[in-house]
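This structure is a prediction, so every number in the text was calculated from the model and none was measured. Atom set for the values below is all heavy atoms of this structure, side chains included, hydrogens, waters and symmetry mates excluded. As the structure lists them, so they are numbered: ligands from 1, and atoms in each ligand from 1.
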Amino acid sequence: MKILILIVVLIGLFASNINGQINCVQTPSDPSCANYQYPNANSTADIAALCKSMPYMPVCTINDKCMSLHSHDGLCDPFSILGDSCTHDMPGMGGCKNFRSLCNTTAGSVVQECKNFQQIDNLPTTMTLVSLIQSICDEMPMSACTSCKTSKPIDCDLLTTYTSLCMEMPTMSQCQAFNTMCADDSNLVSSQLSTFCKLPVEEQTPLMRMFFHTGFLEYVLFENWIPRTARQFAGYWFLVFFFAIIFECEKTLRSILEKRWEIKPDSDDAVQSSFLKGHYAPFSYRDVVRGFLHGLELTMSYLLMLVAMTFNVGLFFSVIAGTIIGNIFVGRFRTYKPKVTCCD
Ligand SMILES: *[C@@H]1O[C@H](CO)[C@@H](O)[C@H](O)[C@H]1NC(C)=O
């Protein structure tokens, strides 16, 4: 009985030994290879080899991102990343040799891992990205273009450049591939790599939209003045609101001063001009004050106009609300109608 068990154990050991010796990379058609898993260390080494010779490939960007996220599963599984490159981007490269052999269906590969790994749907190829970036940057030299020299676009991080260009200008025809890759139901959007489709709110840049829209993300006059959250937006809203009130006060002040400084034609101070045919006040410091007040008024009215021209509904109505409230408070002191400026 003991001998029988020993024989069974020995046969088992022998069989598993043979099984262990079958090289699934070389003979992927062997039935015992169905559940074979290509070691992660080898996938990582293959990716490193690919990215050493072509660091601008999209999978290299993906790989870097996964490393920085410390993520190794789903789309970040090293075998998946390797597959992204070797199935449709650069299958001819040396780093893909093992992958191609292991997953060669014409050689009858039965390895399940080759069918089951998660691939990024519709990831554009390296060459597609090169030509799309070139085309976008020829048409519209946006800031992200500077990271890719147009003469040698292959010197840069293609995927990051392309996605940031398309996040700024999603309607460009060259961004079709981006919109497909980043469709709402795509696996990239629902993965840990979704920042390639949509940046976190603290990194997003406002879009210029020449039609009325809502939302918080907006440039308010300056490059760095960007409300991103409801709280920040409320801050900017009240800033504009009080600015509009101050604008109303300034207009009232000027009208009061001009009324006070008015000179009657029969006054002793009046200077008669035969050329202009009438009586006028002589030149004094008041003219300087009036000139500067006029300049201030024009500046303020243009600033308010520029805020309204963000086409943000909230900011637009902060201008209007400030004007209404300011006018209710100080409008009645305007005994004299101020001269019409841009946005009186
Ligand atoms: C994985 O890499 C190790 C170390 O380079 C190597 O010895 C081994 O043969 C590789 N395995 C496969 C399946 O290629």
I'd like to know if the side chain of [X] reaches the main chain of [Y], judged simply by a donor and an acceptor atom lying under 3.5 Å from each other, with no hydrogens or angles considered.
{"X": "Gln204", "Y": "Lys198", "result": "no"}
{"X": "Ser85", "Y": "Leu82", "result": "no"}
{"X": "Arg100", "Y": "Pro91", "result": "yes"}
{"X": "His88", "Y": "Leu123", "result": "yes"}

Flag: protein heavy atom within less than 4.0 Å of [atom]:
{"atom": "atom 9 (O) of ligand 1", "answer": "no"}
{"atom": "atom 4 (C) of ligand 1", "answer": "no"}
{"atom": "atom 14 (O) of ligand 1", "answer": "yes"}

Taking non-hydrogen atoms only, is Asn23 closer than 4.0 angstrom to ligand 1 via side chain, backbone, both or neither?
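Neither part.
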
Side chains of Ser255 and Thr252: do they bring a donor and an acceptor to under 3.5 Å?
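Result is no, nothing qualifies.
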
[X] neighbourhood, listing ligand 1 atoms whose heavy-atom distance to it stays under 4.0 Å:
{"X": "Val25", "result": "13 (C)"}
{"X": "Asn98", "result": "14 (O)"}
{"X": "Tyr36", "result": "13 (C)"}

Would Arg228 and Glu202 count as a salt bridge (Lys or Arg N to Asp or Glu O under 4.0 Å) here? Give the steps.
CA-CA 7 Å; Arg228 296 178 186 280; Glu202 62 276 10; over 6 Å; no

Pair Phe241 + Trp237: ring centers closer than 6.0 Å:
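Ring centres of Trp237 and Phe241 closer than 6.0 Å.
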
Please indicate whether any nitrogen or oxygen in Tyr38 is less than 3.5 Å from any nitrogen or oxygen in ligand 1.
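No.
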
Which residue and atom name correspond to the protein heavy atom nearest atom 6 (C) of ligand 1, and how close is it?
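In this structure, atom 6 (C) of ligand 1 has Asn42 ND2, 4.2 Å as its nearest protein heavy atom.
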
